[in-house]
Amino acid sequence: MTDAYEALTAKLAAADPEIERLIEAEGRRESEKIRLIASENYVSEAVMEATGSILTNKYSEGYAQKRYYEGQQNVDQVEELAIARAKELFGVDHANVQPYSGSPANLAVYMAFLKPGDTVMGMALDMGGHLTHGHTVSATGKWFNPVRYGVRKDTGRIDLDEVAKVARKERPKLMICGGTAIPRTIDFEGFAEIAREVDAVLLADIAHIAGLVAGGAHPSPAGHADVISTTTHKTLRGPRGAMVMCDAEHAKAIDKAVFPGLQGGPHNHTTAAIAVALHEAARESFRDYAGQIVKNSRALAKALTDRGYDLVSGGTDNHLILVDLTSKEIGGKPAAKALDAAGIELNFNAVPYDQRKPFDPSGLRIGTAAVTTRGMTEDDMDPIADWIDRAIGAAKAEKEAELEAVAAEIREFCQTYPIPGWHD
Ligand SMILES: *Cc1c(COP(=O)(O)O)cnc(C)c1O
């Protein structure tokens, strides 16, 4: 064990061995598996230290220089630094770094621009959208009037002509672009043109691709979307948190919606860790990281295609691959469970126009942000595709021993790529 790791967990081990053991086990799990969950990553030790800092002790309702509690001499500076770094990195006028996570960040945007019952237009969940884009079970679908767009059946891609048609008919007040299972570049400019035509506010939700945008591997919505929301913990590789960014015109409305509209005190330890992550993302090496994520994703997409897997839209432009297993005659859920047993962690996912039920859909969602953080490159993607294929084959043939054999190979492979924040 490294000294730093022991120092970090010694107090916890003494105070609460049960929890310490579970964290230790999770560290082992995260280090021994190939983690392909598209929304996950490994944060740096610096981000982790800020997250675990004494800033968690402080209450700071309000904004810098306008707080409701005393003692903000340091916290104000932390939040101002995070804001300045977000503005610089994303090229925006204003940033609010207080939302607790991506879902509350999106709700803040609704709060800023809509009244209950107003029409909001987002991508359907089963086409790649997010719950908070107006799905029926979400507050955003229950309290507002959701209308939806999807992708074309023949191309698996968003068709802006269809988006425009729905927008002209439904006249939404808020239009959302972005999602959770979109393997292709989002045309922010095209969406902005439609939003302007129907006089809607355009929200670009870049939760998944924020790191790619920051690192220049995906076009930026800045200058096109009125508002940009993002989580900070996916490709951006920060702590669990979120930001809402906008032009100067909407700054007041957004800030008021986050606090006091929806939230109480901000999580200052998270704000500090966001500032650290933004600092890391502004470095030249992060541009290389973002570029490598996409290179790895393309290489993995090709390696899977070579093995006869169908990919929604035929490939990928970003960190994400959506596999349609229909032709492989196995459901997404049994495949994902078998892969987990074989040391490959990902999630089952609906594919557009899925013929199966949402809880056992036809697809697998794959992302390369986490493996790229570990230092894996294109050369590693072919073996990964091979392990995926072997595990799926073993699942179909019900060969448990083969899953275990793959898991053992992967454990060994992973030793070459240590993860930050955990001992060897
Ligand atoms: C992950 C995600 C969110 C929600 O983030 P949470 O932190 O899980 O609440 C919102 N929108 C999109 C597009 C996402 O991918």
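Along the sequence shown, residues are numbered consecutively beginning with 1. This structure is a prediction, so every number in the text was calculated from the model and none was measured. Ligands are counted one by one from 1 in listed order, and the atoms in each one are counted from 1 as well.
Ion pairing between Arg152 and Asp154 holds under the 4.0 Å rule for side-chain N and carboxylate O. Salt-bridge check for Arg67 with Asp76: passed, with a basic side-chain N closer than 4.0 Å to an acidic carboxylate O. The existence of a salt bridge linking Arg298 and Glu378 is excluded, since no basic side-chain nitrogen approaches an acidic carboxylate oxygen closer than 4.0 Å. We find that Glu197 and Arg168 are joined by a salt bridge, their nearest charged nitrogen and carboxylate oxygen being less than 4.0 Å apart.
Residue contacts with ligand 1 leave out Ser39, since none of its heavy atoms falls under 4.0 Å from the ligand.
By the 3.5 Å distance cut-off applied to N or O atoms, Ser101 is counted among the residues near ligand 1. Where the criterion is an N or O separation shorter than 3.5 Å, residue side chain and backbone included, Pro104 fails it with respect to ligand 1. For a threshold of 3.5 Å applied to N or O pairs, the pair formed by Thr132 and ligand 1 contains no separation below that value.
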| task | Any chance you could lay out the salt bridge (charged side-chain N to carboxylate O under 4.0 Å, His left out) test for Asp199 and Arg171, step after step, and finish with the verdict? | result | CA-CA 8 Å; Asp199 208 18; Arg171 311 291 301 186; over 6 Å; no
| request: Could you walk me through whether His218 and Phe188 pass the ring-ring contact (aromatic ring centres under 6.0 Å, His included) test, one step at a time? | output: CA-CA 11 Å; His218 188 291; Phe188 297 119; 5.6 Å; yes
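Of all atoms in ligand 1, numbered sequentially from 1 with element shown, those under 4.0 Å from a heavy atom of Gly102 are 4 (C), 5 (O), 6 (P), 7 (O), 9 (O). Heavy-atom contacts of Thr231 reach the following atoms of ligand 1: 5 (O), 7 (O) (cutoff under 4.0 Å). In summary, the atoms of ligand 1 found under 4.0 Å from a heavy atom of His233, numbered by their order in the structure, are 7 (O). Under a 4.0 Å criterion applied to the non-hydrogen atoms of His208, ligand 1 contributes the atoms 15 (O).
Of the protein's heavy atoms, Asp205 OD2, 3.3 Å lies nearest to atom 12 (C) of ligand 1. Among all protein heavy atoms, the one lying closest to atom 2 (C) of ligand 1 is Lys234 NZ, 2.5 Å. The single protein non-hydrogen atom nearest to atom 3 (C) of ligand 1 is His130 NE2, 3.3 Å, given as residue, atom name and distance.
Here the rule is side-chain hydrogen bond (donor to acceptor under 3.5 Å, both in side chains) with Asp205, and of Thr231, Thr230, Thr132, Asn106 only Asn106 fits it. A side-chain hydrogen bond (donor to acceptor under 3.5 Å, both in side chains) with Gln98 is found for one member of Glu61, Gln263, Glu79 and no other, namely Glu79.
When Ala207, Pro99, Ser103 are ranked by how near their heavy atoms come to atom 8 (O) of ligand 1, first place goes to Ser103.
Side-chain atoms of Gln65 and Gln72 form no donor-acceptor pair, as typed in the model, at a separation below 3.5 Å.
When heavy-atom distances to ligand 1 are checked against a 4.0 Å cut-off, Arg240 has no atom that comes that close, whether in backbone or side chain.
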